[in-house]
Structure formats: C-alpha cells, structure tokens
Colleague: 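Here's a structure for you.
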Amino acid sequence: MNYQRYKRVPVLHYPERQWPDKEIKKAPIWCSVDLRDGNQALIDPMVVEEKIEYFNLLLKLGFKEIEIGFPSASQLEYDFLRTLAERDLIPDDVKVQVLCQCRKHLIDRTFEAIQGIKNVIFHIYNSTSVLQRDVVFHMNKEEIKQIAIEGTQMVKEGAKHFDGNLWLEYSPESFTGTEVEYALEVCEAVKEVWQPTKERPIIFNLPATVEMTTPNVYADQIEWMSTHFTDRDKIILSVHPHNDRGCGVAATELALLAGADRVEGTLFGNGERTGNVDILNVAYNMFSQGIDPRLNIENVNEIIDVYERCNKMDVDPRHPYAGKLVFTAFSGSHQDAISKGMKAMKDRNAQYWEVPYLPIDPADVGREYEPLVRINSQSGKGGVAFVLDQYYGFKLPKEMHKELADRVQIMSERYGEITPEQIMNIFRKMYINAKEPLHFRRARIEDISDTQSEFDTKVLLTYTDHGEEKTVEGYGNGPIDAVKDGLFRQAGFRTRLLMYHEHALTKGSDSQAASYIALEDAADGRMAYGVGISSNINRSSFRAIFSALNRLYYPEMQK
C-alpha cells in the first residue's frame, strides 16, 4: 500500500460553523441531471426516444428543474431539445436546464437550441481548482476569473434576443479543490455582471466535481460561501455532489444543513466515475423523517423499470430503498424483531410507523410484504413463525417455534433459501398431516353437568387405529379432557396436557380454527406437539390431540 504517494486535502479552518446544530426541515429545490451528467456516463447513451421516456418519468416524479443536456456539444443533444420544444412536451411550470462552456460559438448554438422554450436555466461553468489552473489551463487566477466574466457577458447579451424566461446558473467547476476565497471572488464577479434580483435570482452551483475529503469539510465550504456571499437573497445556492468517496448522500445532507437551497443529482446516483448524489436516496431519507420530499416517489418499482430500461443499468439489490433485498431479513433475531414490531403496531393501532430494522413501511414506496422475511440457514425461529403468520395465518405458540425452525434449517442448509410455500409444506407434514395410525373420525359431545357424574362432559369418540375403526366413551371436565380419557380407557395412552392454544385462521362465518396442543407421556416424560384445523373448534382440538399422539407414540410413521 503505497499510501505515501498521497497527501491530505487541505481542510478549511472554520470554527464559526453553525450547521452541526441545525436540522433538515424541508426539501430543497431538486434538479435532475440524469439526461446530461447521467447520460454522458452511460456505456450506451440514450437515444432521443429513450430520453423522452426518461424526461416524462422525471415530470411524473415532480421535478420542476431538469438539465436536459449539452445542446451545443452534439447534434443528438441539440435534436433532443428541439424535439421537446417542437412536440410541446415541456410543461409551463418546468424549467429545462442547458449546460454550456464559456465559449461564444457554443453559447450562440445553445441559444438557437432553446428558442421557443418558455423557461430555461442557462448553465455555464469553468474549472477554478488549483490543480486544473496549473496542469490543464496553465492560467493564473485572473485569467480563470476572466473566463467566467466573459461567459456571463455573452449569455447576458444573448438573453436580450431570447423570448422566454431565462435564469443564469454558474458553476465554479472543481469547487472542492478551489480556495473558498477565490471561488467567492469568481462568483461575485459573475454576479456583478449578471445583476440578479430577488425575483430572478442567480444560481451559484458549488459542485463536488470530485469528492476529495469528508462530508463535514464540504459542509464547512458551503456554509462559508453562503455566509460570505453579498446579496444572499438574490442567490440560490446549489450543490452538485459526486460520490468518489462514497459519501455523496452524507455530503448533500450536511450541505443542506449548511445553507444549500438546491440539489442537483440523478436517480439512483448514476453519473461520472462513482456517480452523482442519488436524489432518491436523499428524498427517501427525508420521507423517513416525516418530511415531505416534494417528489412523487411512492412507486419505486415504476422508477426502477424506466431507469433500468433506458440506462441499461441495474439498481443494486442493496440500494437503501429500491434494492430487491432491502426489505428482507435473513437474520433470525431481525425476523423475530420485525414480527414483534408488526404485531405491536397492529395491537396498538399505532399512528406512526415504528418497526425494528424497517425504517419505513415498504408499502409506502410501492413495495410489497411478500419478500419481507426470507428464510435461509442463518434464519431463526422467529422468522419461520413470522412467515406462517403473515402468509398463512398460523400464529404458532412460542413453545413450538424452535422445533419447526430446526426442521426448516435442515432443509435450508441442504437447498439454500426456503420459500414460504416450502415452510408451509414442512409445517403441514409435521403437524397437520400427522393422521396415522390414529385417525380422528367424529365425535358427539354431551353436557352431563346436571347428572350425578363428577365430570361435566361426555364424548362419544370414533377413530381408526391402524385402519380399524373404534368407538369409545370418555368423560372429563371439557371436551379435550374427555377425549384424553376415552383414549386412555381404550388404548392406554396416559398423557398430560402441557399446552393448548386456539385461534381463528380467517374471519367470517366460514372461518376455520387452528388448535395447538402439547401432550406429555405420563410415564417417561416424552412430549410432542400437535396441530389441528377445522371449521369447528372442537374438531380442530380433537385433530390436534390425534396429531400429538401420532407424533408422540408413532414418530417413525411421521417422517
């Protein structure tokens, strides 16, 4: 690791910073640069019709500022802008943004491209960083500043002949590598030429063209600029973070704390090198804190579909909100906590979403609960029980969780991830289908509480034992006790009832009941669980007894 080849990026000394004590309370002005910054970074850039489809998606999401390209750079970019204009595809409340270098022939060509468009942001830039002044342009500070001044003058002259509304945006490119005092000097010079007003402010875009250090340093730079600008009320302070260090989202959020009014970025962070800031990530972060993101992002699957088709790129399965795996839980402890959190919300009729490990309700962004919990060899007993509850309505008593989970784990170790259907099949085979060799057929229950008997219930039980039908009377304090008594009288099964639970599987007059029983052999202490289902609660209980007996005394027949 030849780390000695690299030197630390200078850190702004700014002890007056105020942003650490602030909170994000509202969404910024969003500007999508997917069709320019994002598109230029694609291996296979979009054609005009793909750009139109993507543009329409951005409109549907609620973007009011969209950078559509660099119309002076290529015929394709020019044609796309003209197509938007000639097909009347730009709503009156939307500003299209065009990028241009500070060169007269490019500025003139850009003005040709935007004719007939109602609202335009004319975005000019030149690099101001120490490194680029030295190795790229071989210019001093005055010469670099003069490029920005002359570019602004040319746009101002061209604007006299433009029949729409025009805003100027200026970017000191490579801002993060520029001395803040010099970046301010250049921006102030541009402002002096442009003469913005409160009604028509200038946009100063301060890009992290290359993310060079930690997000707090970017925040310091943004706050320093925000507090040192003159005529701050005539300025929209915009940020354009890239993601070279993987901190684009953090840098954006800290920049908003530091005074930024506007954010340029792309859907899912596509862009040069490691990408631009992911606007969706930032917006969903706001949403998760109860802040209106001012974007229509409730259907993430639709966004993914258009993004992947037009960009020919896949959304990472671990993307914080859109990834296929982000609303799943493989860990057993996570699954158990999710299960309990969901139940607590339902029981409490909670106003706010609070579920462990799930910062938002997947349904609020168009996702479904179907993949919420996935079972593999790392999963625990809580996750298996949660699947049976969520998918099939079986609310297993806690005592049964481990036995079922152990069987599921054996299969998952052999075959990998287990589906809910496979879990249900294991559950059904282990308990519900444990019907041989003792098979419950029917029972007649009689209340004998008014007789001289010490018991209050009599049951006439019919069942088969290894195919042979048998009938027996049993007596007890309730139907379950009476059935146990009858089976002891006839077959000698002396058992103790350790656990009994029941619940309705579905609601309504045609609902089924599920019963869960644990029986212990009175002689040797062996124990087994049983499950029964029926539209009649007594029948479901009797079936649970027979399920437990078969598993207790004939385990070899239950494999």
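All values below come from the heavy atoms of this structure, side chains included, with hydrogens, waters and symmetry mates left out.
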Colleague: Check whether the side chains of Glu556 and Tyr554 place a donor and an acceptor atom closer than 3.5 Å, and report yes or no.
Modeller: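 No, Tyr554 and Glu556 have no side-chain donor paired with an acceptor closer than 3.5 Å.
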Colleague: Do other residues, nucleotides or ligands put more than 12 heavy atoms under 6.0 Å from the NZ atom of Lys343?
Modeller: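 Open: at most 12 neighbouring heavy atoms sit under 6.0 Å from NZ of Lys343.
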Colleague: Enumerate the ring-ring contact (aromatic ring centres under 6.0 Å, His included) contacts for residues 41-62, please, sequence neighbours excluded, ordered by first and then second residue.
Modeller: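 As it turns out, there is no ring-ring contact (aromatic ring centres under 6.0 Å, His included) pair with a partner in residues 41-62 once direct neighbours are skipped.
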Colleague: Any side-chain donor paired with an acceptor under 3.5 Å for Ser534 and Ser540?
Modeller: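 The answer is no; no qualifying pair exists.
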Colleague: Would you indicate whether the side-chain heavy atoms of Met345 and Trp353 approach each other to under 4.5 Å?
Modeller: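 Yes; the side chains approach each other to less than 4.5 Å.
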Colleague: Using 4.0 Å as the upper bound for N to carboxylate O, is an ion pair formed by Asp93 and Lys64?
Modeller: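 Result for this pair is yes, salt bridge flagged.
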Colleague: Counting only heavy atoms not in Asp450, do more than 12 sit closer than 6.0 Å to its CG atom?
Modeller: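 Not buried by this count: 12 neighbours or fewer within 6.0 Å.
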Colleague: Contact between Ile66 and Ile68 at the side-chain level, heavy atoms closer than 4.5 Å - yes or no?
Modeller: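 Counting from C-beta outward, Ile66 and Ile68 do come under 4.5 Å.
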Colleague: Residues two or more places apart in sequence or in another chain: which of them pass side chain to side chain contact (heavy atoms under 4.5 Å, CB included) with Asp485?
Modeller: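 In terms of side chain to side chain contact (heavy atoms under 4.5 Å, CB included), with neighbours along the sequence ignored, Asp485 is linked to Tyr475, Arg489.
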Colleague: Decide yes or no for Glu403 and Arg551: does some side-chain heavy atom of the first lie under 4.5 Å from some side-chain heavy atom of the second?
Modeller: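 Yes, at least one pair of side-chain atoms sits under 4.5 Å.
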Colleague: Is there a side-chain contact between Thr457 and Asn477, using heavy atoms and a 4.5 Å cut-off?
Modeller: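 SC-SC contact between Thr457 and Asn477 ruled out.
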Colleague: When you measure from the side chain of Lys395 to the backbone of Gly393, do you find a donor-acceptor pair of N or O atoms at a distance under 3.5 Å?
Modeller: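 Side chain of Lys395 to backbone of Gly393, a donor-acceptor pair under 3.5 Å: no, none is there.
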Colleague: Does CD in Glu23 sit with more than 12 non-hydrogen atoms of other residues, nucleotides or ligands closer than 6.0 Å?
Modeller: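 No, the 6.0 Å shell around CD holds no more than 12 heavy atoms from other groups.
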Colleague: Between Asn550 and His439, do the side chains contain a donor N or O and an acceptor N or O under 3.5 Å apart?
Modeller: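 Absent: no donor and acceptor within the cut-off.
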Colleague: What I'd like to find out is whether the side chain of Pro356 reaches to under 4.5 Å of the side chain of His334, using heavy atoms alone.
Modeller: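 With C-beta onward as the side chain, the pair stays apart.
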Colleague: Report yes or no: do Gln422 and Thr419 form a side-chain donor-acceptor pair below 3.5 Å?
Modeller: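 Looking only at side-chain atoms, Thr419 and Gln422 do form a donor-acceptor pair, the distance falling under 3.5 Å.
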Colleague: Does the side chain of Leu61 come within less than 4.5 Å of Leu267's, by heavy atoms?
Modeller: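 Touching, per the 4.5 Å side-chain cut-off.
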Colleague: Should Met430 and Arg407 count as side-chain neighbours, where that means a heavy-atom distance under 4.5 Å?
Modeller: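 SC-SC contact between Met430 and Arg407 confirmed.
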Colleague: Between the side chain of Ser547 and the main-chain N/O of Tyr431, is any donor-acceptor distance below 3.5 Å?
Modeller: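 Checking the backbone N and O of Tyr431 against the side chain of Ser547, a donor-acceptor pair under 3.5 Å is found.
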Colleague: Looking at residues at least two apart in the chain, or sitting in another chain, which of them share a side chain to side chain contact (heavy atoms under 4.5 Å, CB included) with Glu399?
Modeller: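 In terms of side chain to side chain contact (heavy atoms under 4.5 Å, CB included), with neighbours along the sequence ignored, Glu399 is linked to Pro397, Met499, His501, Tyr529.
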Colleague: Using ring centroids (six-membered ring only for Trp), state whether Phe427 and Phe394 fall under 6.0 Å.
Modeller: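 Phe394 vs Phe427: aromatic centres under 6.0 Å.
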Colleague: For a quick check under 3.5 Å, do Asp37 and His240 share a side-chain donor-acceptor pair by atom type?
Modeller: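 Their side chains do contain a donor-acceptor pair, which is all the 3.5 Å distance test asks for.
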Colleague: Hey, do the aromatic rings of Phe440 and Phe542 have their centres closer than 6.0 Å?
Modeller: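 Centroid distance Phe440-Phe542: below 6.0 Å, so yes.
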Colleague: Test side chain to side chain contact (heavy atoms under 4.5 Å, CB included) on Leu388 and Leu404; report intermediate values, then the result.
Modeller: CA-CA 11 Å; Leu388 285 177; Leu404 177 60; 3.3 Å; yes
Colleague: Please name the pair of heavy atoms, one in His319 and one in Val315, separated by the smallest distance, quoted to 0.1 Å.
Modeller: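 Nearest heavy atoms, His319 then Val315: CB-CG1, 3.9 Å.
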Colleague: Above 12 or not: heavy atoms from other molecules or residues under 6.0 Å from NZ of Lys398?
Modeller: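 Open.
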Colleague: Mind checking whether Ile445 and Leu460 have side chains closer than 4.5 Å, heavy atoms only?
Modeller: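 No, every pair of side-chain atoms sits at 4.5 Å or beyond.
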Colleague: Using the ring-ring contact (aromatic ring centres under 6.0 Å, His included) rule, collect all pairs that involve residues 271-297, keeping only residues at least two apart or in two chains.
Modeller: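 Found Tyr284-Tyr321.
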Colleague: Going through the distances and angles, do Phe268 and Tyr307 end up as a ring-ring contact (aromatic ring centres under 6.0 Å, His included)?
Modeller: CA-CA 9 Å; Phe268 303 117; Tyr307 171 86; 4.9 Å; yes
Colleague: Report all side-chain donor-acceptor pairs from residues 243-258 shorter than 3.5 Å, counting only partners two or more places apart or in another chain.
Modeller:
residue: Asn243; atom: OD1; partner: Cys247; partner atom: N; Å: 3.2
residue: Asn243; atom: OD1; partner: Gly248; partner atom: N; Å: 2.7
residue: Asp244; atom: OD1; partner: Glu211; partner atom: N; Å: 3.0
residue: Asp244; atom: OD1; partner: Arg273; partner atom: NH2; Å: 3.1
residue: Asp244; atom: OD2; partner: Arg273; partner atom: NE; Å: 2.6
residue: Asp244; atom: OD2; partner: Arg273; partner atom: NH2; Å: 3.3
residue: Arg245; atom: NE; partner: Thr213; partner atom: O; Å: 3.1
residue: Thr252; atom: OG1; partner: Gly248; partner atom: O; Å: 2.8
residue: Glu253; atom: OE2; partner: Asn285; partner atom: ND2; Å: 3.0

Colleague: Can you pull the salt bridge (charged side-chain N to carboxylate O under 4.0 Å, His left out) pairs that have at least one residue in residues 297-309, sequence neighbours excluded?
Modeller: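 Of all non-adjacent pairs touching residues 297-309, those that pass salt bridge (charged side-chain N to carboxylate O under 4.0 Å, His left out) are Glu53-Arg309, Lys60-Glu302, Asp305-Arg309.
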